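Written out below as structure tokens is the structure these notes cover.
Order of listing sets the numbers, starting from 1, for every ligand and every atom in it. Predicted, not measured: the structure shown is a model, and the values here were computed from it.
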Amino acid sequence: MNYIFGPVPSRRLGLSLGVDLVPLKTCTFDCIYCELGRTNHKTKERREYHPAAAIVTELQSYLEQAETLPDYITLAGSGEPTLNIGIGQIINAIKQISQVPVAVLTNGSLLFLPEVREALVNADLVLPSLDSASPGIFRAINRPVAGFDLGQIIAGQEAFRQMFGGQIWLEIMLLRGMNDDPAELEKLRQVIARLRPDRVQLNTGVRPVVEDYAVPLTPEQMAAAAAFLEEGVEVIAEFDPATHAKLTLSDADFLETLARRPMTAQDLAKVLARPLAEVLKRLNQLKNRGLITYNLHHHQGFYFYPRSQLSQPASKN
Ligand code: SF4
């Protein structure tokens with residue numbers, strides 16, 4: 001599969017089938033906390049990064065063969081999905097071929113464009129993010145491509161709320177010493193009141209991050225921030241001791257781990273402390289290159305790498 005990954009269990013979305021609309025890593029931002037690593041293609045140019053027709057064909061063939069349908073088809077993946085100029089066409093085509101609700105994970109930066117708001121209007125759930133209400137903090141955390149204005153981004157999200165009848169779940173990433181002081185939280189509270197999302201979900205940098213100074217809040221600090229912001233604000237961060245895992249894993253990291261014992265993708269994601277979506281992608285690549293095998297065992301899929309092959313050189317990328 002070129003554009004689809006998963007389905008992966010997601011705390012927010014249940015069983016989520018991911019659809020990648022842009023190549024890794026194409027984004028309007030280069031967030032200091034991004035789980036995907038540095039943005040090597042920082043842009044605000046909207047174009048057909050992956051062809052809409054090819055994405056829909058692949059999705060249709062997946063759905064025709066799937067034994068279990070996902071809870072959501074989620075447009076996201078390797079960067080900012082609204083950069084794909086065909087996103088509206090893709091959403092509309094999915095609605096024609098499937099009853100599964102469509103979710104869009106976006107940084108919300110392009111919602112100031114009327115054509116982007118119009119493109120998302122038939123989605124069922126849009127999950128934008130907004131990490132600060134102050135231009136300086138916005139630039140420090142999200143490191144946008146030149147030409148973005150925070151006021152314009154907030155106004156775009158507000159305009160989208162006014163026209164969109166589906167659910168909006170706003171995610172805010174809090175980082176210690178950057179956007180967690182009472183003055184900034186108060187500004188965020190005022191912006192939330194303007195944006196009127198259906199849910200507000202707080203996260204913090206508990207996964208491997210790009211910059212060491214993107215430090216997570218403690219569970220207690222997160223709970224206090226949630227209580228300060230608004231009644232009903234949820235904390236969605238999954239606190240895990242494996243916070244300081246390596247950001248970039250080589251093929252050898254995967255192969256050496258699998259040589260110890262056959263594992264499911266979920267096992268590997270836990271052991272390597274990486275997002276399941278990323279692990280599934282890498283496992284597919286290794287399988288397609290003939291380096292590992294995949295077998296079903298008691299209805300569970302296991303990935304294998306024979307110990308005897310460990311002496312052979314594996315790519316470091
Ligand atoms: S907006 Fe999302 S994909 Fe883009 S850099 Fe930030 S966290 Fe990564």
key: Polar side chain donor-acceptor pair, W169 to Q167, under 3.5 angstrom   = yes
query = Is there a donor in the side chain of D20 and an acceptor in the side chain of S78, or the other way round, less than 3.5 Å apart?
reply = yes
request  = Please confirm whether F29 and F138 have ring centers closer than 6.0 angstrom.
outcome  = yes
key: E158 and R196 ion-paired at < 4.0 Å   = no
query = When you check the gap from the basic side-chain N to the acidic O, do R46 and E80 get nearer than 4.0 Å?
reply = no
request  = Check atom 8 (Fe) of ligand 1 and write out every protein N, O or S atom at under 2.8 Å, as residue and atom.
outcome  = C34 SG
Acceptor/donor pairs from residues 64-75 side chains to any protein atom, 3.5 angstrom cut, sequence neighbours excluded:
unit_1: D71; atom_1: OD2; unit_2: L15; atom_2: N; d: 2.6
unit_1: T74; atom_1: OG1; unit_2: S16; atom_2: OG; d: 2.8

Test item: protein heavy atom less than 4.0 Å from atom 1 (S) of ligand 1 = yes
